[in-house]
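Just so you know, residue 1 is the first one in the sequence shown, and it goes up from there.
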Amino acid sequence: MIDQQVSLRGGAACLPVRPRTGRCLVLAAVFVCAACGLVYELELVALASYLIGDSVTQASVVLSVMVFAMGVGSLLAKRLRSRAAVGFGLIEAALALVGGSSALVLYASFAWIGESRYALVGFSLTIGILIGAEIPLLMTLIQRVDRQDAGGAVADLFAADYVGALVGGLAFPFLLLPVLGQLTGALCTGAVNAAAGGALVLCVFRRDLTPRSRRLLILANVAVIVVLAVTAVLVDDFERAARRAVYGDGVRVAVQTEVQEVVLTGSGRSSLDLYLDGRLRVSARDEYRYHEALVHPAMNGPHARVLILGGGDGLAAREVLRYPDVRAVTVVEIDRGVTRLARTDRALSELNRHAFGDPRVTAVTADAFNWLRAAHGRYDVVISDLPDPGISTSTKLYSAEFYGLVAESLAPGGRLVVHGGPPVSRPRTFWTVEASMRAAGLRTRPYRMSGRLTDSAAGPDRATHRARPTYGWGFVLAGPGKRPELGLAAKAPELRSTTEPALLHAGRETERARLPGLAPSTLVHPRYWEDR
């Protein structure tokens, strides 16, 4: 009782360590807990982007909910200040269990339920409350070990907290993800969190604990660490079961590269599916329709030198190599793991007709934006086979600045073609891509390929992996001079309406046209055909 009164007055009391040592240990615990807390936040943001898509929206939801919850946690912690030591120990044990298991539970809800949004908000709220309760209790504890004014104590606590957040923020992308992966990384972070919080209370503030409280803290921390350790041992079996639930029983390859998770399903060339970070990128059932529509209109003209941005699967290169007068093809792909699979996987290499074995093809591992800045010569054709524009992490590859770099790399009379997303289901995205190209000084011709067996653009929810009809792919062909020719059988009439019904009523406001090498079902949208 006397110890508690001294604690509330902010004075130093009899502890098993010297005041300066106790202060350093409290600040070390603040450092570790802050690092773990930021890892939990980044883990939620990364998983939300992976499981739900649209990283900007998901990051905003996670961070705003957590900041709000931290305020709630700070208010709730006022009730625990009279028992700050045991309260802090139990909060850290709970935070370690909830934060460490959050990635596992989110992935399980995605795999077996098909919906992870509610779990995401729940974890963001719970983790935020627990993190918010830390600082008020740590403020009480640091004044417990050392006579210090409140302002100095706050400065020390926040300094340790911010430095810990810096270390946690850097450790997540550069250490935890590449070495341990998302699930194991979160579990190990939880174990470290529990050990740090428990050690501080049981070693420095053990005289503040009743025998019952001491037994409770020891049991809670040991149980949390054991649960996290056992889960980490079984995490590989969990991942295999979750992948089967998401992708089916045909998973042949599942690797975490330096950039993303790559999954191949299907036993042969005709049944192959390629998923990148949970999103379907290639389906052997209909990929030829996409790649023919992407490549062949741009090849209607000089095409001796061709640049493919993205396209690490080799399928766009396959279509380019159908032209015998092509002299050089450069493929710029950010993920060397994808190009490695395109070379070595039997089904994928058969599907791309061993494109990377052709001496005319050069594969470069680089970010397309940065690579273009280095000015690697001029090309007759540039094919942008990049991630879907609806995925926020790829937005810089659909910016006016990016298209300006592409325009500088085009030879006189050169052509650029871009996949702009589905023009009917997401017209705003499609026309934004087209407008960005015009803002870079390019003259554009939008067109689309109707029909699709599977949809890879909407995101990686379970329904995405099932076959379902969509409105097809949208493309934009562009050039720096006059609008490039598509080789139309007949010129389409001018279209005055620029609203969404213009895309929905293909019979009235779009015209079936034959493009070189494409099926008659390809639709060319004449929105910008009129001279301006």
Self-check item: With Gln182 via side chain to side chain donor-acceptor pair (under 3.5 Å) - residues at least two apart
Solution: none

Quiz item: Are a donor atom and an acceptor atom from the side chains of Glu333 and Thr339 found within less than 3.5 Å of each other?
Solution: no

Exercise. Mind checking salt bridge (charged side-chain N to carboxylate O under 4.0 Å, His left out) for Arg340 and listing every partner two or more places apart, or none if nothing turns up?
Key: none

Quiz item: Can you list the residues that meet the ring-ring contact (aromatic ring centres under 6.0 Å, His included) rule with His303, with sequence neighbours excluded?
Solution: Tyr323

Exercise. Check whether any side-chain heavy atom of Tyr447 sits under 4.5 Å from a side-chain heavy atom of Pro297, and report yes or no.
Key: yes

Exercise. Kindly say whether Gly268 contributes a backbone atom to a donor-acceptor pair with the side chain of Arg346 at under 3.5 angstrom?
Key: no

Self-check item: Residues in side chain to side chain donor-acceptor pair (under 3.5 Å) contact with Thr257, at least two apart in sequence or another chain
Solution: Asp335

Quiz item: salt bridge (charged side-chain N to carboxylate O under 4.0 Å, His left out) with Asp345: which residues, sequence neighbours excluded?
Solution: Arg252

Practice problem: Kindly indicate whether the side chain of Arg415, heavy atoms from C-beta on, has any atom under 4.5 Å from the side chain of Pro302. | Solution: yes

Practice problem: Report the residues that fulfil salt bridge (charged side-chain N to carboxylate O under 4.0 Å, His left out) with Arg305, sequence neighbours left out, ordered by chain and then residue number. | Solution: none

Quiz item: Got a sec, which pairs hit salt bridge (charged side-chain N to carboxylate O under 4.0 Å, His left out) with one end in residues 370-386, sequence neighbours left out?
Solution: none

Self-check item: Phe68 atom CZ, over 12 foreign heavy atoms within 6.0 Å
Solution: no

Quiz item: Between the side chain of Tyr290 and the main-chain N/O of Ser283, is any donor-acceptor distance below 3.5 Å?
Solution: no

Exercise. Name all residues meeting the side chain to side chain donor-acceptor pair (under 3.5 Å) criterion together with Arg240; count only those two or more places apart in sequence or in a different chain, and write none if there are none.
Key: Asp237

Practice problem: Give the intermediate values and the outcome of side chain to side chain contact (heavy atoms under 4.5 Å, CB included) for residues Leu386 and Phe402. | Solution: CA-CA 12 Å; Leu386 295 165; Phe402 177 75; 4.0 Å; yes

Quiz prompt | Pairs satisfying salt bridge (charged side-chain N to carboxylate O under 4.0 Å, His left out), at least one member in residues 306-321, at least two apart | solution = Glu287-Arg318, Glu319-Arg322

Quiz item: Below 4.5 Å, heavy atoms only, C-beta onward: do Trp371 and Thr330 meet side chain to side chain?
Solution: yes

Self-check item: Pair listing, salt bridge (charged side-chain N to carboxylate O under 4.0 Å, His left out) test, anchored in residues 266-275, at least two apart
Solution: Asp273-Arg285

Quiz prompt | For Tyr162, ring-ring contact (aromatic ring centres under 6.0 Å, His included) partners two or more places apart | solution = Phe158

Exercise. Answer yes or no: is there a side-chain heavy-atom contact under 4.5 Å between Val476 and Tyr403?
Key: no

Exercise. Would you please name every residue forming a salt bridge (charged side-chain N to carboxylate O under 4.0 Å, His left out) with Arg360, sequence neighbours left out?
Key: Asp358

